[in-house]
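Each ligand, and each atom within it, is numbered from 1 in the order the structure gives. Small disclaimer: the values here were computed from a predicted structure and weren't measured.
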Amino acid sequence: MDSEMYLKKIIPTLLIIWNLAVTMTEGYQIGVGRADCTGPAVEIGFMGYAKLGQKGSGIHLRQFSRAFVVSDNEKRLAFVSVDAGMMGHPVKREVIRRLHKTYGNLYNFDNVVLSGTHTHGGPGGFLMDVLYDISILGFVPQTFAALVDGIYLSIVRAHETMGSGEIYIGTTTVLDASINRSPTSYLENPAEERKQYQYNVDKELTLIKFVSDKEGLIGAVSWFAVHPTSMNNSNQLVTSDNVGYASILLETEMNPGAMPGKGRFVGAFASSNLGDVSPNIMGPKCQITGNSCDIQTSACPQGEGECVASGPGRDMFESTKKIATRIYNAASKLVKNSELRKITGSVDYIHQFVDMPNYRTIAYNPLTRRNEAIRGCIPAMGYSFAAGTTDGPGAFDFKQGTRNDNPLWNAVRDFIVPPTDEDIDCQSPKPILVATGRARFPSEWQPKIVATQILKIGDVLITAVPGEFTTMAGRRLRNQVRKAAVEASKEEFQVILAGLSNMYTSYITTPEEYRAQRYEAASTIYGPQTLTIYIDQYQKLTKALMKQIRIKPGPDPPKLDSQVISFNTGVLFDAHRIGYDFGACLIEPHSNYSIGETVRSSFISGNPRNNLLLEKTFLTVERQTGKDNWEVVLTDANWETRFEWERVNVLLGFSEVHISWEIGEDTEPGIYRIKHFGHYKYILGGVFPYEGTTRHFTVSD
Ligand SMILES: *[C@@H]1O[C@H](CO)[C@@H](O)[C@H](O)[C@H]1NC(C)=O
Ligand SMILES: *[C@@H]1O[C@H](CO)[C@@H](O)[C@H](O)[C@H]1NC(C)=O
């Protein structure tokens with residue numbers, strides 16, 4: 001090779017490669033993906049209100065898993081927001097196991113965060129810890145499988161569509177979507193601390209958006225602290241509630257013409273420090289008289305009904321829509337804002353399992369205002385846990401703020417398993433109602449080993465916590481993580497709190513709030529210093545992350561799979577009246593409708609649990625576009641449609657579905673029909689598909 005050729009050809013080529021390498025390591029590889037994870041919509045108890053008998057009977061909004069993968073070409077991470085009550089360790093373990101099979105060690109416990117939105121309208125039975133599956137009557141393999149399948153698929157879709165791109169962050173406020181549901185507990189926090197904040201809940205919405213070099217805007221995650229409890233405990237339709245509907249609104253705007261749950265743009269509304277935050281902004285009232293409840297105990301005088309907070313709408317559906325629209329509007333503006341701050345810097349992560357009851361440290365105790373020995377307690381739930389909240393009161397006559405116990409309930413408690421004197425002392429002033437940490441039958445009741453984790457994208461830290469932090473607890477954790485990061489790195493950081501991540505351990509209040517023993521405090525399971533321990537642990541994680549120090553993985557959480565029991569039964573068989581067939585339309589729509597009216601129809605059906613139709617639908621609303629051409633305009637995931645299943649005769653296995661469609665304002669006039677899709681279980685074995693169609697009807701202006 002002569003030197004001239006060397007100069008003319010090789011050097012420029014090397015320069016191009018060099019430049020490419022530099023630009024590649026400077027930017028990010030980003031991918032987004034979404035998948036359906038709607039569990040069994042009927043016959044299974046809902047997770048959230050712990051109300052026995054609140055079982056599914058159909059679908060209003062489907063559940064989705066939304067995944068975001070980021071790599072700086074050296075390290076990668078995945079953040080996943082799931083329309084579910086929370087996340088559980090067995091779910092994450094199974095998702096990681098499947099990712100291992102597909103991608104080797106690319107995705108693992110340390111670099112994947114699964115965060116539940118905390119909707120109270122999804123089927124339960126996926127956590128394995130006894131206390132959390134009790135109101136569902138035990139473990140439900142079908143719920144578990146739907147979640148695992150959907151979460152896994154959403155990550156695969158994000159992975160498979162990765163390409164170079166940029167990431168931006170911005171913050172705005174949403175003033176009219178949340179209130180504090182334990183305001184008297186919040187007041188227990190020191191005045192000088194409260195003075196730093198304008199509100200007793202966080203009104204900020206923080207959004208990270210993903211812009212692909214080739215495709216433009218492909219996704220966004222928003223964090224806003226609010227309970228998805230706009231739908232109350234009388235709801236029996238699967239729903240992703242206010243934040244889930246906000247996702248659908250944002251995705252519909254960004255994916256014009258696409259059905260809910262489809263389309264390139266993925267928009268998640270993830271949970272944060274929502275522990276004491278309610279969307280029922282009209283506040284609590286005694287249900288019968290409309291009088292105010294007692295503010296300390298959230299109780300009403302005898303005969304005035306339960307103390308329940310309501311939302312801004314005429315009913316829970318309208319309240320859900322209003323709160324969703326407010327959150328969505330804020331995020332939509334941010335997504336379109338071209339002046340968001342660009343995130344640059346390395347991708348990194350850190351994870352450690354921690355044995356909470358055995359945690360010992362010297363740390364600042366805000367109750368004594370001294371540095372002193374801090375310990376965790378064996379998990380226990382207090383009396384006020386049974387009182388429930390103003391979003392969903394409990395079943396018995398328990399009051400929030402209960403600091404004295406009662407001999408009768410103590411006898412019931414001791415019948416299950418008595419707490420030790422040491423438990424009582426450690427958890428004080430919480431009167432123990434269930435000594436969950438001592439119960440062993442049939443398996444662990446609440447976790448003792450928890451997952452702590454931080455994701456880093458440039459100067460943004462996503463602190464993933466295994467429970468529901470209250471407003472002030474979340475603020476303290478974020479502040480202390482930021483402080484630790486700044487001290488260790490001498491750089492500025494923005495800290496986000498990702499709630500209900502990886503594992504569920506109920507609530508985390510401040511030690512001051514703990515004293516008041518309202519619902520959130522009674523459900524702070526490792527005792528008064530639970531938050532102090534978390535602050536200590538996340539500071540350690542932050543320092544190690546900043547200084548690139550390797551830490552031990554911590555003890556493995558126990559495997560409960562072989563110990564779980566369930567009183568839920570599967571589908572036995574389906575049948576129908578003589579002279580009809582599955583899919584036969586029993587109630588036909590009228591011949592014509594105008595916009596704003598509701599179309600109703602009923603079909604002979606099988607049990608929807610025979611096939612969850614993930615990524616598909618139990619119904620379509622179709623518009624005629626040619627002699628034999630019909631266009632699907634709505635599915636069971638649309639706001640306007642409701643799919644309800646009714647068991648007509650248990651012994652004979654008869655059932656029907658009722659489909660309703662509230663004709664929306666932007667509906668095109670024309671000829672329409674409704675279809676129902678399902679599967680029936682034949683009495684002699686086998687599951688078979690069927691479908692049914694209504695007659696045609698017209699929709700006019
Ligand atoms: C739930 O909301 C509905 C209105 O949609 C209302 O009629 C009902 O009383 C509420 N139930 C509870 C327990 O709050
Ligand atoms: C709609 O139906 C009603 C009765 O079912 C009928 O009287 C009316 O003429 C119909 N209107 C149209 C526009 O078809």
Side-chain angles (χ1 to χ4, degrees), residues 41 45-61 85 118-124 135-136 177-182 226-246 274 276-295 297-326 384-400 518-520 596 598 600 638-644 658 660-662:
F46 277 0
M47 188 61 209
Y49 289 112
K51 187 183 171 196
L52 255 165
Q54 190 199 1
K55 285 183 177 180
S57 71
I59 295 180
H60 183 219
L61 300 174
H118 202 36
T119 174
H120 284 42
S135 63
I136 323 293
S178 59
I179 59 166
N180 193 306
R181 69 182 188 190
S182 287
V226 69
H227 255 75
T229 47
S230 286
M231 297 296 283
N232 68 32
N233 65 16
S234 71
N235 169 48
Q236 301 210 301
L237 298 180
V238 168
T239 176
S240 49
D241 210 287
N242 47 34
V243 288
Y245 187 44
L274 50 64
D276 51 357
V277 190
S278 168
N280 296 316
I281 57 175
M282 304 313 282
K285 297 247 157 38
C286 299
Q287 265 192 320
I288 293 174
T289 55
N291 293 335
S292 350
C293 324
D294 177 60
I295 191 150
T297 60
S298 295
C300 290
Q302 198 74 39
E304 296 207 9
E306 286 177 323
C307 173
V308 178
S310 52
R314 269 166 307 173
D315 59 21
M316 57 182 169
F317 287 95
E318 201 187 66
S319 293
T320 304
K321 193 174 198 170
K322 282 192 166 174
I323 297 293
T325 305
R326 290 167 190 180
S384 304
F385 155 65
T389 69
T390 50
D391 289 333
F396 299 99
D397 197 20
F398 283 94
K399 288 188 175 74
Q400 292 202 61
R518 281 178 60 85
Y519 176 83
E520 296 81 13
T598 300
R600 291 176 209 282
N638 279 92
W639 177 269
E640 296 86 344
T641 60
R642 291 185 203 173
F643 171 77
E644 291 184 74
H658 310 293
S660 68
W661 169 33
E662 196 184 322

Return the residue, atom name and 0.1 Å-rounded distance of the protein heavy atom closest to atom 8 (C) of ligand 1.
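Checked against all protein heavy atoms, atom 8 (C) of ligand 1 sits closest to N232 ND2, 3.8 Å.
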Tell me, which protein residue and heavy-atom name are nearest atom 9 (O) of ligand 1, and how many Å apart are they?
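Checked against all protein heavy atoms, atom 9 (O) of ligand 1 sits closest to Q287 NE2, 3.7 Å.
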Is the shortest N/O to N/O distance between M316 and ligand 1 below 3.5 Å?
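N/O-N/O distance below 3.5 Å exists for this pair.
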Proximity winner for atom 13 (C) of ligand 1, if only heavy atoms of V308, N233, D315, T229 are counted
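Considering heavy atoms of V308, N233, D315, T229, the nearest to atom 13 (C) of ligand 1 sits in N233.
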Minimum side-chain heavy-atom gap S298-T389 below 4.5 Å:
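A side-chain contact under 4.5 Å is absent here.
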Validation row: E662, F317 side chains within 4.5 angstrom (heavy atoms):
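No, side chains not in contact.
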Applying the side chain to side chain donor-acceptor pair (under 3.5 Å) criterion to R181, which one of D276, N280, D391 satisfies it?
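Exactly one option meets the side chain to side chain donor-acceptor pair (under 3.5 Å) with R181, and it is D391.
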At what distance, to the nearest 0.5 angstrom, does CD of Q236 lie from NE2 of H60?
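Reported value, rounded in 0.5 Å steps: 15.0 Å.
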Where N242 and V226 come nearest, the two heavy atoms and their spacing
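Scanning both residues, the minimum pair turns out to be OD1-CG1, 4.4 Å.
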Does E306 approach ligand 1 within less than 4.0 angstrom via side chain, backbone, both or neither, non-hydrogen atoms only?
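None of E306 does.
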Find all atoms of ligand 1 within a distance of less than 4.0 Å from any non-hydrogen atom belonging to S234, and give their numbers and elements.
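Taking each heavy atom of S234 in turn, ligand 1 has 1 (C) under 4.0 Å.
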